[in-house]
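As structure tokens, the structure follows; a few thoughts come after it.
Order of listing sets the numbers, starting from 1, for every ligand and every atom in it.
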Amino acid sequence: MLKNKHILLVVAGGIAAFKALDLIRRLRERGAEVTPVLTTSAEEFVTPLSISALSGNKVYRDLFDLTAEAEMGHIELSRAADLIVVAPATANIMAKMAQGLCDDLASTLLLATDKRVMVAPSMNVRMWEHAATQRNVATLKNDGVLFVGPNEGDMACGEYGPGRMAEPLEIVDAIERAFQTGPLSGKRILVTSGPTHEPIDPVRYIANRSSGAQGTAIAQALNALGAEVVFVTGPADIAPPSGVEVRKVQTAGEMLAEVEDALPCDAAIFAAAVADWHIDGASASKIKKQAGALPTLKFAENPDILAKVSKMGKGRPGLVIGFAAETDDVIAHAQAKRDRKGCDWIVANDVSPETGIMGGAENAVTVISDAGIDPWPRMTKKQVAVRLAQNIAKALEG
Ligand code: CTP
């Protein structure tokens, strides 16, 4: 619920501005008060009248509007809100924010505010991927600006890729989370999840049976306790949780790159079933069948992401948790793995086919840490996730 929360909604000029109308409705349904600000170009996409009617508030548009200034000056406007949300956030307004430019009401409010700011980017995929935009994104994240989306999908311009604005309900979720005061609020936690796919050629790959269920449940449970979660996932069977920052990868190499990019974090949980090897010299074109000749695959070792992060010294997350999926001598192997990789806790489980754990809904884990060996009863993966999230909250608090 967003009862009595005051949101200053800056609508910039992108095709997704029409979704701002639905966003206003959803926010008001949850009890929020919405004060809208339109940029000049936003008025090409939505009318001030429709925005005003839905918000039940005056629409602010002009930095030099004498009446508006007399009623509530722009500095006061920028401070009266509990949160400023920019949706859609165009490449232009993000560039202005990153540079501290203030040549209209919206950008001036964003520079003058002392409140948190959340952006929901929306732009063409090439504009999103452009080095300049990515530089601005990094600057804004570093400044503490919260991000929701963009999502991947079909675009109004006919192209496909990341750049679609997050849906209104996803933005509402992110706003609710920004106001959450759970035990993990203010903590940034990284979770890896799912299998990795290591290509043999453009159509074939090496994979494993991980469904991503345990990692997804952990990300969800951490998010429910108020954490900001970065979810780095291989191609999993189940959809990533909502309300977390999702980074999709295919290979172990890509997973390492996203993990390094997501740091620094307060804690990191490595639930992914990372392939130990990739194919050395994977073929760039489809390998053709040849009579009497079998292809030979040459393996090369993948980076051990957990070990790398555990041993990184400066910038290491305060709590690093690994998983040990074993089929025999579970505890002994897990203890050795914890020592070898250098993580703080290791969550060991028996993934022999008869346990039904790999790909199933339940898990039976033993958590090994400096405090000793703690066997948990068999329970659902969701329950394991909730208990683990609670233990993480306690550890980060202490
Ligand atoms: N892990 C990782 N990067 C790898 C391999 C594993 O980050 N290249 C992480 C997993 O996410 C998990 C832990 O290390 O948290 C243990 O993974 P597991 O596959 O059980 O261990 P391996 O090192 O692969 O050992 P083995 O396969 O020999 O049991």
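- The residue among A252, P303, A336 with a heavy atom at the shortest distance from atom 8 (N) of ligand 1 is P303.
- Classified by interplanar angle (parallel below 30°, tilted 30° to 60°, perpendicular above 60°), the ring pair W277/F299 is perpendicular.
- For the pair N302 and ligand 1, the shortest N or O to N or O distance does not fall below 3.5 Å.
- The shortest contact between atom 26 (P) of ligand 1 and any protein heavy atom is with K337 NZ, 3.7 Å.
- When only non-hydrogen protein atoms are considered, atom 24 (O) of ligand 1 lies nearest to D276 OD1, 2.7 Å.
- In this model, a donor atom of one side chain and an acceptor atom of the other lie less than 3.5 Å apart for T47 and S50.
- The existence of a salt bridge linking R116 and D82 is excluded, since no basic side-chain nitrogen approaches an acidic carboxylate oxygen closer than 4.0 Å.
- With hydrogens and angles left out, the side-chain atoms of N349 and Q214 include no donor and acceptor closer than 3.5 Å.
- The protein heavy atom nearest to atom 5 (C) of ligand 1 is V274 CB, 3.7 Å.
- Atom 15 (O) of ligand 1 has as its closest protein heavy atom F270 O, 2.6 Å.
- Side chain to side chain, N136 and T139 fail the donor-acceptor criterion of an N or O pair below 3.5 Å.
- Regarding atom 14 (O) of ligand 1, its nearest protein heavy-atom neighbour is K341 NZ, 2.9 Å.
- Residue H333 does not touch ligand 1, judged by heavy-atom distances below 4.0 Å.
- Looking at I305 and F270, their side chains come closer than 4.5 Å, going by heavy atoms from C-beta outward.
- Here is the list of ligand 1 atoms found below 4.0 Å of a heavy atom in A272: 10 (C), 11 (O).
- E33 and N4 are not linked by any side-chain donor-acceptor pair at a separation below 3.5 angstrom, with hydrogens and angles left out of the test.
- A salt bridge links E43 with R61: the distance from a Lys NZ or Arg NE/NH1/NH2 to an Asp or Glu carboxylate oxygen falls below 4.0 Å.
- The nearest protein atom to atom 7 (O) of ligand 1, hydrogens excluded, is given as L306 N, 2.8 Å; this is a heavy-atom distance.
- Nearest to atom 13 (C) of ligand 1 among the protein's heavy atoms is F323 O, 3.0 Å.
- The shortest contact between atom 3 (N) of ligand 1 and any protein heavy atom is with I305 N, 3.0 Å.
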